Visitor: 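Before anything else, here's the structure in question.
Quantities reported herein were computed from a predicted structural model and do not represent experimental measurements.
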Amino acid sequence: MNSNEQIIEEFYAAFADGNPETMTSCYHPEIVFEDPAFGKLHGKDASDMWHMLIERAKGNLEIEFSNIKADANKGSAEWIATYNFSKTNRKVVNKIKASFEFKDGLIIKHTDYFDFYNWSKQALGTTGILLGWSSFLHKKVQNQALESLRKYQKKNP
């Protein structure tokens, strides 16, 4: 296992242990994170997101990860998050593909890809089934996710 594969392994092992401090120590200060739920986050926003998500899960989060691959510049992994969505308390099993870029031995870019429609059906029930395909719902979820992050940051400066 090379050093970039090790940093991805360390990131997900910390996630599985509910340890956001170790997770975010794997990130370069100039990290750019992107996924369908939050959109694009930079620097401290990306770190704060992991802290918020782990805190909200209250120990009810299961992380499985596999297929970690990396070379000197880029990497990838697959992971599954099982949790109850905080707004509806509905169980979600989200299968995610992640891509990474590295700088100075740390993750500088982290992009998670998942099927938003499949996620929304699980997290939102009927609303997700009816509107999960729409850009309207996608944008609404992103706006709510960012609003939650801002509220978290105000309470945890």
Side-chain angles (χ1 to χ4, degrees), residues 4 7-9 11-16 18-20 23-24 26-58 60-70 73-103 106-154 156:
N4 287 337
I7 200 97
I8 295 171
E9 171 93 23
F11 178 87
Y12 286 113
F15 197 3
N19 183 341
M23 289 174 71
T24 59
C26 298
Y27 276 173
H28 190 280
E30 298 168 13
I31 182 69
V32 176
F33 172 84
E34 186 171 4
D35 82 348
F38 283 89
K40 195 174 280 193
L41 300 174
H42 299 265
K44 186 174 179 335
D45 285 350
S47 296
D48 288 347
M49 175 204 59
W50 295 118
H51 281 84
M52 178 184 77
L53 293 175
I54 288 173
E55 185 178 299
R56 280 196 174 162
K58 296 178 180 150
N60 296 315
L61 173 65
E62 182 181 326
I63 302 298
E64 301 170 51
F65 56 95
S66 62
N67 296 327
I68 293 173
K69 297 179 183 131
N73 302 309
K74 295 184 181 214
S76 63
E78 296 175 8
W79 62 285
I80 301 170
T82 304
Y83 60 96
N84 287 348
F85 182 58
S86 61
K87 294 212 181 290
T88 61
N89 202 35
R90 293 176 60 89
K91 184 177 181 178
V92 173
V93 179
N94 198 12
K95 296 178 182 179
I96 302 153
K97 292 186 185 289
S99 69
F100 302 92
E101 293 178 21
F102 306 97
K103 180 179 178 182
L106 297 168
I107 299 166
I108 185 94
K109 186 173 183 189
H110 175 181
T111 306
D112 280 346
Y113 304 92
F114 61 85
D115 183 329
F116 183 82
Y117 181 61
N118 189 45
W119 174 87
S120 69
K121 289 188 299 183
Q122 295 177 75
L124 304 173
T126 303
T127 301
I129 291 167
L130 297 175
L131 297 173
W133 54 270
S134 71
S135 60
F136 166 78
L137 184 65
H138 195 165
K139 207 51 156 164
K140 183 175 180 181
V141 167
Q142 274 189 355
N143 288 338
Q144 288 176 344
L146 289 173
E147 184 179 315
S148 293
L149 179 59
R150 298 298 173 236
K151 285 180 183 174
Y152 176 84
Q153 289 172 319
K154 281 184 181 176
N156 301 277

Visitor: Can you confirm whether Leu131 sits close enough to His138 that some side-chain heavy atom of one is under 4.5 Å from a side-chain heavy atom of the other?
Guide: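 Not in contact.
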Visitor: Please tell me if the side chains of Tyr152 and His51 come closer than 4.5 Å, counting only heavy atoms from C-beta onward.
Guide: yes
Visitor: Got a second to check how far Leu41's CG is from Asp35's CG, nearest 0.5 Å?
Guide: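 Nearest 0.5 Å value for the CG-CG distance: 7.5 Å.
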Visitor: Kindly indicate whether the side chain of Leu61, heavy atoms from C-beta on, has any atom under 4.5 Å from the side chain of Leu53.
Guide: no
Visitor: Can you confirm whether Thr82 sits close enough to Lys91 that some side-chain heavy atom of one is under 4.5 Å from a side-chain heavy atom of the other?
Guide: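 Side-chain contact under 4.5 Å: yes.
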Visitor: Say you draw a straight line from CG of Asn60 to CG of Asn89; how long is it, rounded to the nearest 0.5 Å?
Guide: 9.0 Å
Visitor: Side-chain contact, heavy-atom cut-off 4.5 Å: Phe11 with Trp50?
Guide: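 Yes. Closest side-chain heavy atoms under 4.5 Å.
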Visitor: Before you tell me yes or no, could you show the steps for Asn118 and Gln122 under side chain to side chain contact (heavy atoms under 4.5 Å, CB included), namely the whole-Å CA-CA distance, both residues' side-chain angles and the distance that decides it to 0.1 Å?
Guide: CA-CA 7 Å; Asn118 189 45; Gln122 295 177 75; 3.5 Å; yes
Visitor: Show your reasoning for whether side chain to side chain contact (heavy atoms under 4.5 Å, CB included) applies to Lys87 and Ser148.
Guide: CA-CA 11 Å; Lys87 294 212 181 290; Ser148 293; 4.1 Å; yes
Visitor: Taking the side chain as everything from C-beta on, heavy atoms only, tell me whether Ile107 gets closer than 4.5 Å to Phe102.
Guide: yes
Visitor: Working to the nearest 0.5 Å, report the span between NZ of Lys103 and NZ of Lys109.
Guide: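 One finds 13.5 Å between NZ of Lys103 and NZ of Lys109.
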Visitor: With sequence neighbours left out, what residues match Glu78 under salt bridge (charged side-chain N to carboxylate O under 4.0 Å, His left out)?
Guide: Lys97
Visitor: Under 6.0 Å from the NZ atom of Lys44, do we count more than 12 heavy atoms belonging to anything else shown?
Guide: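 Yes, enclosed.
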Visitor: Are Asp112 and Phe33 close enough that some pair of their side-chain heavy atoms sits under 4.5 Å apart?
Guide: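 In short, these two side chains touch, coming nearer than 4.5 Å.
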Visitor: Can you tell me how far the CH2 atom of Trp79 sits from the CG atom of Asn94, to the nearest 0.5 Å?
Guide: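 Taking CH2 in Trp79 and CG in Asn94, the distance rounds to 7.0 Å.
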Visitor: Report the C-alpha distance between Leu124 and Arg90 in whole Å, list the side-chain angles of each, state the deciding distance to 0.1 Å, and finish with yes or no for side chain to side chain contact (heavy atoms under 4.5 Å, CB included).
Guide: CA-CA 7 Å; Leu124 304 173; Arg90 293 176 60 89; 5.9 Å; no
Visitor: For the CG atom of Asp45 and the CD1 atom of Ile31, what is their distance to the nearest 0.5 Å?
Guide: 12.0 Å
Visitor: Going from NZ on Lys40 to OG1 on Thr111, what distance comes out if it is rounded to the nearest 0.5 angstrom?
Guide: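 If we round to the nearest 0.5 Å, Lys40:NZ and Thr111:OG1 are 8.0 Å apart.
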Visitor: Quick check: do Phe100 and Ile7 have side-chain heavy atoms less than 4.5 Å from each other?
Guide: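 When only atoms from C-beta onward are counted, Ile7 and Phe100 do not touch, as no gap falls below 4.5 Å.
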